Undergrad: 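Okay, handing you the structure first.
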Amino acid sequence: MRLEIQVRNNFKSTFIEKPQRKDTTLAIVLRQDAFHHFKKGIAVLSSVVCMLLSQVNTALNKCLTVNQAKQVHAQIIVNNLRDLETHLVRQLVLSQRNFTPTIVYYAQSILHHAQDSDSFSWSCVIRSFAQHGQFKEVFALHVQMHNLGLPPTSFSISSTLRACARIPYKTAGVSIHAQVHKYDILQSVYVQTGLQDFYAKLGDMKAAKKVFDEISEKNVVSWNSMLAGYLKSGDLYMARQFFDEIPFKDTVSWNSMISGYARSGDMNMALSLFHHMPAKNFASWNAMISGYVECGKIDIARSFFDAMPQKNNISWITMISGHSKCGDLDSAKILFDLMPEKDVAAFNAMIACYAQNSHPKEAIDVFKELLERKLIGQPDKMTLSSIISACSQLGDLDFGSWIESYMKRIGIEVDDHLATALIDLYAKCGTIEKAYGLFHGLAKKDLVAYSAMILGCGINGKPHDAIMLFEEMLNANISPNLITFTGILTAYNHAGLIEEGYQCFNLMSKFGLVPGADHYGIIVDLLGRAGRLDEAYDLIKSMPIAPHCGVWGALLLACRLHNNVELGEVAAQHCFNLEAEKAGYAALLANIYASNERWDDVKRLRKSVNYLPASKIPGSSWVESN
DNA sequence: ATAGGGTTAG
């Protein structure tokens with residue numbers, strides 16, 4: 001009993017002296033203190049536990065784990081205090097940063113069996129789930145609550161509407177609209193705004209306008225949400241008219257309009273609004289930066305970034321990814337290193353930067369740094385998508401498998417986005433059956449998924465599967481892009497189907513696509529392997545864009561296969577001019593000379609090109625043989 | 001509690 005009082009007193013003093021946000025040292029001390037008592041609390045009595053639960057969480061700012069909740073729950077049961085159960089769920093849900101399936105499942109199961117569950121408790125949990133992006137769960141909970149005969153509340157409704165807008169799930173939202181009338185809770189501004197926002201987010205501006213017009217006392221949020229709807233539907237003109245009608249514009253209104261112009265590439269209008277707006281905040285500056293990044297004006301973007309009086313994490317991240325899009329890895333890394341308080345999204349931007357610019361090793365290094373610095377936070381779906389891509393580029397299936405088990409461990413569910421990354425990984429590493437399995441399990445097969453699978457079949461000796469998938473994709477009205485064609489042409493190439501490949505290559509223009517150097521490279525390879533060297537050479541000469549090393553390299557390889565000296569020399573010369581790393585090409589050319597017994601040329605080449613030892617190049621044992 | 005700015009797969 002004494003201990004109980006002691007805990008109470010100590011704890012109260014902790015709670016009264018709420019940590020000041022600015023004084024981090026004090027806050028940390030207090031938090032540790034609170035945690036200490038929290039542990040004691042579990043051991044003492046559930047009434048204390050209950051008090052600690054609500055107050056410790058305030059002090060600790062999110063730390064209740066499922067295991068701790070289970071301990072507390074056990075105390076609650078033992079002491080027959082079941083009217084505390086939903087309180088526990090609320091605390092558990094409120095204290096989470098990331099919702100793992102375990103937590104979701106556990107929270108739901110307590111809620112279902114709690115004796116004190118009422119509309120209010122359910123609503124709290126629903127709201128929490130909605131705030132953390134658990135939209136499917138939100139809707140499921142809404143239905144479960146309804147089935148228990150509990151009436152919805154204004155804030156369970158507004159949260160569920162938010163979820164329906166995000167999933168998006170139109171019929172559900174409409175049925176909630178009906179429920180709103182049935183339970184007569186349309187009077188709540190939150191519900192009205194939620195409804196109007198739901199329709200606006202789904203692009204049904206007519207319905208949104210109808211709800212909007214019925215709101216008797218419109219606040220600025222209603223106006224802004226409508227504005228966002230018009231902007232989302234791409235109707236800039238309509239949006240501008242609406243914007244001009246807003247009686248009391250706030251910063252959000254201005255920012256929305258600015259980013260609308262910025263997204264459509266009209267930076268002049270964006271800039272003029274930016275100058276005219278009365279008070280700018282972070283988002284105003286950030287919208288300008290991302291607008292300039294989007295239209296490729298990285299220097300102007302950077303000047304805005306540098307001119308900002310204060311930057312937040314989003315400014316830094318936008319700028320890092322801006323440099324990344326231009327392939328300027330150094331600038332990106334410099335900014336990343338300068339960034340004062342990196343969060344997971346900043347790491348994601350840097351990892352994606354390396355992964356997308358063919359530096360997979362560096363991507364993994366940054367990932368490892370994130371894992372080591374546990375305070376920053378856990379990797380999320382975006383981190384892992386990029387990392388899987390990096391593994392795939394390295395062909396590192398072991399690390400990839402580790403990633404998969406890691407995802408299970410920290411409770412990240414494999415969505416279509418991640419599954420597509422894994423398809424690519426398994427396909428590139430030769431585990432095509434696994435890739436197929438994931439592909440069939442996709443909720444929605446989109447362009448990226450098809451492209452990954454087509455390429456996977458192409459490089460795994462299943463050209464006919466690739467062709468089938470390509471047709472299936474066209475039947476599903478998905479238009480192929482340049483990357484899809486890389487995949488399908490690779491398939492034709494591996495199958496040695498020359499005419500079909502050529503036809504497919506010509507098909508590209510029908511989709512409004514201009515073949516890139518990579519596509520030419522594949523066709524050159526295809527023709528070249530078949531011995532049609534002159535045709536391949538003519539194709540290169542007809543290219544409207546400059547051929548890169550891959551194209552000339554393909555020709556050179558074909559010349560090696562068919563021992564053609566003249567074209568081989570031409571191709572090799574181009575390769576030498578284009579790339580610093582000449583050893584491989586030199587070895588190929590030398591092989592051609594050697595096959596033709598032109599030993600003097602071999603020696604001359606050896607002198608003129610400073611190549612690496614032949615052991616680096618497969619199938620080049622010629623060096624020692626003469 | 002409703003609104004705005006960023007980071008993910010081929």
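This one's a predicted model, so the numbers in the text were calculated from it and none came from an experiment. Excluded from the calculations below are hydrogen atoms, water molecules and symmetry mates; all remaining heavy atoms, backbone and side chain alike, are included.
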Undergrad: In residues 415-424 of chain A, what donor-acceptor pairs under 3.5 Å come from side-chain atoms, sequence neighbours left out?
TA:
residue, atom, partner, partner atom, Å
A:Asp415, OD1, A:His417, N, 3.3
A:Asp415, OD1, A:Leu418, N, 2.9
A:Asp416, OD1, A:Ala443, N, 3.1
A:Asp416, OD2, A:Ala443, N, 3.3
A:Asp416, OD2, A:Lys444, N, 2.9
A:Thr420, OG1, A:Asp416, O, 2.6
A:Asp424, OD1, A:Lys428, NZ, 2.8
A:Asp424, OD2, A:Ser392, OG, 2.6

Undergrad: Among all residues two or more places apart in sequence or in another chain, which pass the ring pair (Phe, Tyr, Trp, His ring centres under 6.0 Å) test with A:Phe212?
TA: A:Trp223, A:Phe242
Undergrad: Give A:Ser225 one of three labels, base, sugar-phosphate or nothing, depending on what nucleic acid heavy atoms sit under 4.0 Å from its own.
TA: nothing
Undergrad: What pairs meet the side-chain hydrogen bond (donor to acceptor under 3.5 Å, both in side chains) rule with one or both residues in residues 289-301 of chain A, with sequence neighbours excluded?
TA: none
Undergrad: State which residues pass side-chain contact (heavy atoms from CB on, under 4.5 Å) with A:Ser264; sequence neighbours excluded, sorted by chain then number.
TA: A:Leu236, A:Asp266
Undergrad: If you look only at distance, which donor and acceptor atoms sit under 3.5 Å apart when one is on a side chain in residues 328-339 of chain A and the other is two or more places apart or in another chain?
TA:
residue, atom, partner, partner atom, Å
A:Asp328, OD1, A:Ser331, N, 3.2
A:Asp328, OD1, A:Ser331, OG, 3.1
A:Asp328, OD2, A:Ser331, OG, 2.6
A:Lys333, NZ, A:Asp337, OD1, 3.1
A:Lys333, NZ, A:Asp337, OD2, 3.1

Undergrad: Who passes side-chain contact (heavy atoms from CB on, under 4.5 Å) against A:Gln356, sequence neighbours left out?
TA: A:Ser324, A:Ala352
Undergrad: Distance under 4.0 Å to a non-hydrogen atom of chain A counts as contact; along DNA chain B, which nucleotides mark the start and end?
TA: B:dA1 to B:dG10
Undergrad: Would you confirm whether the ring centroid of A:Tyr426 sits within less than 6.0 angstrom of the ring centroid of A:Tyr436?
TA: no
Undergrad: NA contact type, A:Lys444, heavy-atom cut-off 4.0 Å: base, sugar-phosphate, or nothing?
TA: nothing
Undergrad: Could you list by number each residue of residues 281-289 of chain A showing a heavy-atom separation from DNA chain B of less than 4.0 Å, or answer none if no residue does?
TA: A:Asn281, A:Phe282, A:Ala283, A:Asn286
Undergrad: Could you check whether A:Leu418 gets within reach of a base, just the sugar-phosphate, or nothing at all, counting any heavy atom under 4.0 Å?
TA: nothing
Undergrad: Looking across every strand, which nucleic acid part, if any, lies under 4.0 Å from A:Leu447 by heavy atom: base, sugar-phosphate, or nothing?
TA: base
Undergrad: Under the salt bridge (Lys or Arg N to Asp or Glu O under 4.0 Å) definition, can you give me all pairs with a residue in residues 238-256 of chain A, not counting sequence neighbours?
TA: A:Arg240-A:Asp244
Undergrad: Under 4.0 Å, heavy atom to any atom of DNA chain B: which of residues 290-315 of chain A qualify?
TA: A:Ser290, A:Asn312, A:Ile314
Undergrad: Which part of the nucleic acid, if any, lies within reach of A:Lys280 when heavy atoms closer than 4.0 Å are counted: base, sugar-phosphate only, or nothing?
TA: nothing
Undergrad: Name the nucleic acid region contacted by A:Ala228, choosing base, sugar-phosphate or nothing; use a 4.0 angstrom heavy-atom cut-off, strictly under.
TA: nothing
Undergrad: Scan A:Asp446 against the nucleic acid and name what it touches under 4.0 Å (heavy atoms): base, sugar-phosphate only, or nothing.
TA: base
Undergrad: List in chain and number order the residues that pass side-chain contact (heavy atoms from CB on, under 4.5 Å) with A:Asp365, two or more places apart in sequence or in another chain; answer none if no residue qualifies.
TA: none
Undergrad: Would you please name every residue forming a salt bridge (Lys or Arg N to Asp or Glu O under 4.0 Å) with A:Lys201, sequence neighbours left out?
TA: A:Asp197
